[in-house]
> 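Let me give you the structure first, and then I'll get to my questions.
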Amino acid sequence: MLSLQYIRENVERVKRDVLLRNTTAPIDRILQLDEDRRGLLQQVEALRAKRNTVSKAIGQSKDAADREIRVAEMRLVGDEIDRLDGRLKKVETELQEKLYEVPNILDPNVPKGPDETSNRVVEVVGELPHFPFAPRPHWEIGEIVGGLDIERGAKMSGSRFYTLRGALARLQRALIQLMLNEHGRAGFTEAYLPYMLNEASLYAAGQLPKFRDNLYRDAEEDYFFIPTAEVAFVNLYRDEIIPAGELPMRFVAHTPCFRREKMSAGRDVRGIKRGHQFEKVEMFVYCEPEQSAAELDLLVAQARSIPAILGLPYRLVELCSGDVGFNATRTFDLEIWAPGQGEWLEVSSASNCLDFQARRANIRYRSGGAQPTRNPHMLNASGLALPRTVIAVMENYQREDGSIAIPEVLQAYMGMDLIPAVTR
RNA sequence: GGAGAGGUGGCAGAGUGGUUUAAUGCAGCCGUCUUGAAAACGGCCGUGGCGCAAGUCACCGGGAGUUCGAAUCUCCCCCUCUCCGCCA
């Protein structure tokens with residue numbers, strides 16, 4: 001959420017960025033409501049001040065007749081306050097709703113463009129592998145080595161669910177451990193978080209009301225399943241004032257993520273690339289505004305360290321204005337090459353959200369001394385999404401017989417250096 | 001799930017309808033004193049909205065109500081603690 005004051009003082013910038021995002025937002029309506037609100041507020045407060053003063057006098061008055069007159073008078077004032085207050089509440093409710101519809105401002109460095117075709121490839125790292133045979137997609141490899149069971153996942157739960165067994169399940173866990181250890185070593189505090197959050201938390205993180213369609217929820221209780229650990233991290237300090245001297249705070253957590261993926265029914269149905277439930281390691285940073293640009297660089301560096309040590313070819317992509325998410329001012333995606341499927345797989349998205357989420361979640365910090373409280377900047381980055389990393393390892397390290405070589409850094413975690421082809 | 005007790009500023013803790021503009025203590029900040037520190041003394045010390053300003057309004061877990069006036073009374077909800085039950 002942007003502050004009203006910022007919108008008021010930067011109308012042209014805000015409108016321009018909304019256009020660059022190829023979307024719409026009710027800026028003019030917001031300005032009108034803001035003006036209405038301030039007018040009503042001043043009237044209501046003047047009446048309240050009057051009532052407070054007179055009511056105090058009534059309490060002290062000894063003259064019964066005089067009291068009667070003033071009480072009657074204040075009853076009328078009270079009615080007028082109720083009337084104006086009702087109008088004020090309506091205005092404030094609509095203003096809040098409309099403010100929720102305004103996306104974050106864009107960083108000036110963001111490339112301009114209407115959709116993902118304008119995204120900028122910043123860097124390609126590593127050689128795309130050349131195989132002396134036709135590389136297989138991971139669902140075929142999974143069948144050869146055994147352990148990837150899509151049918152039973154569908155039987156138990158439905159489409160877009162799968163099970164892993166044996167070495168493949170172990171491969172996923174090894175990758176999680178590796179990621180947590182790498183980020184932990186870089187100073188990120190490991191966190192264990194709830195996987196279900198209440199409705200207020202989903203609003204604070206911006207998932208509601210806009211993305212209700214993509215969330216799973218408990219039908220009877222106030223629990224929503226997290227679509228990403230980011231939602232939990234945003235709420236970690238909701239409605240709090242962080243004491244001076246604690247920023248930056250850097251966290252990492254492994255959680256499952258749950259997404260209905262209703263929008264994309266029919267897409268990416270093969271294999272494990274897009275499921276309703278998947279594991280992810282997520283990094284999150286709370287920092288002072290002056291630090292957030294550097295923190296974004298740090299998050300990108302952390303995320304890309306993972307494909308680097310796994311020896312997986314990847315590329316860094318900066319999202320263009322039309323593709324940057326609602327909350328973010330600037331976003332870098334990390335994509336790993338999957339030679340079997342022949343496509344780049346998005347395994348991480350690193351975003352600087354400035355104070356946009358902090359304002360909505362009512363998070364402030366003290367900068368020390370007599371300074372007023374400020375909203376911290378908040379950033380998030382996957383580090384990384386597991387299924388697609390598993391796919392990348394399977395497809396990049398596959399051998400002609402369908403077995404999978406284990407990258408050297410993973411061998412200790414796995415206790416093996418090869419997932420053999422199973423004779424069937 | 002049942003019974004009971006609670007929820008007030010950074011912390012502790014008063015306050016059951018009107019000098020509460022939330023007492024008091026601790027912690028914190030500034031100053032006096034001191035070579036320095038401690039002690040003592042004096043002052044400051046919550047968050048947010050509106051306003052050029054003076055100032056004003058709101059907030060005592062959340063919401064709704066009663067009243068001229070609510071931290072205080074009523075109703076609903078949430079959370080914490082203790083005991084019981086159930087369970088990993």
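Throughout, a chain's letter reflects where its sequence line sits, starting with A, and its residues are numbered from 1. Side chains are part of it too, since the values below use all heavy atoms of this structure and drop only hydrogens, waters and symmetry mates.
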> Taking distance alone, no hydrogens or angles, what donor-acceptor pairs closer than 3.5 Å link side-chain atoms of residues 352-360 of chain A to residues at least two apart or in another chain?
{"from": "A:Asn352", "atom 1": "OD1", "to": "A:Leu354", "atom 2": "N", "distance (Å)": "2.9"}
{"from": "A:Asn352", "atom 1": "ND2", "to": "A:Ser292", "atom 2": "OG", "distance (Å)": "3.1"}
{"from": "A:Asp355", "atom 1": "OD1", "to": "A:Arg359", "atom 2": "NH2", "distance (Å)": "3.4"}
{"from": "A:Asp355", "atom 1": "OD2", "to": "A:Arg359", "atom 2": "NH2", "distance (Å)": "2.6"}
{"from": "A:Gln357", "atom 1": "NE2", "to": "A:Glu230", "atom 2": "OE2", "distance (Å)": "2.8"}
{"from": "A:Arg359", "atom 1": "NH1", "to": "A:Met1", "atom 2": "O", "distance (Å)": "2.7"}
{"from": "A:Arg360", "atom 1": "NE", "to": "A:Tyr203", "atom 2": "O", "distance (Å)": "2.8"}
{"from": "A:Arg360", "atom 1": "NH2", "to": "A:Tyr203", "atom 2": "O", "distance (Å)": "3.3"}
{"from": "A:Arg360", "atom 1": "NH2", "to": "A:Leu208", "atom 2": "O", "distance (Å)": "2.8"}

> Please work out if A:Leu41 contacts a base, only the sugar-phosphate, or nothing of the nucleic acid, heavy-atom cut-off 4.0 Å.
sugar-phosphate
> Whole-Å distance between B:G69 C1' and A:Glu68 CD?
15 Å
> What do you reckon, are the aromatic ring centroids of A:Phe251 and A:Phe233 less than 6.0 Å apart?
yes
> Just how far, in rounded Å, is P of B:U47 from CD1 of A:Ile363?
17 Å
> Tell me what A:Arg374 touches on the nucleic acid: a base, only sugar-phosphate, or nothing, going by heavy atoms under 4.0 Å.
nothing
> Can you tell me how far C1' in B:U67 sits from the matching atom in B:G42, rounded to whole Å?
43 Å
> Does this structure show an ion pair linking A:Arg250 with A:Glu295, if we count only N-O contacts that are shorter than 4.0 Å?
yes
> Could you give the CD-to-P distance, from A:Glu199 to B:C77, as a whole number of Å?
18 Å
> Rounded off to whole Å, could you give me the CG-to-C1' distance for the A:Leu4 and B:C50 pair?
12 Å
> Produce a footprint string for nucleotides 53-60 of chain B: one letter per nucleotide, 5' end first; B if the base is under 4.0 Å from any protein heavy atom, S if only the sugar-phosphate is, - if neither.
---BBS--
> Indicate yes or no: does A:Lys15 engage A:Asp28 in a salt bridge with an N to O separation below 4.0 Å.
yes
> Taking Watson-Crick (N1-N3 plus N6-O4 or O6-N4) and G-U wobble (N1-O2, O6-N3), each under 3.5 Å, can you produce the dot-bracket string of RNA chain B? Use [ ] for crossing pairs and | for inter-strand ones.
((((((((.[[[..)..(.....]]].(((((.......))))).(((((....))))).[[[[[..)....]]]]])))))))....
> What contact category does A:Arg67 fall into here, base, sugar-phosphate, or nothing, at under 4.0 angstrom with non-hydrogen atoms?
nothing
> Separation of A:Glu35 atom CD from B:G51 atom C1', in whole Å?
15 Å
> Using a strict threshold of under 4.0 Å (side-chain N to carboxylate O), is an ion pair present between A:Glu199 and A:Arg212?
yes
> To the nearest Å, how far apart are A:Lys56 NZ and B:G18 C1'?
9 Å
> For A:Asp85 and B:G65, what is the distance between atoms CG and P respectively, to the nearest whole Å?
10 Å
> In whole Å, what is the span from the NZ atom of A:Lys89 to the P atom of B:G49?
18 Å
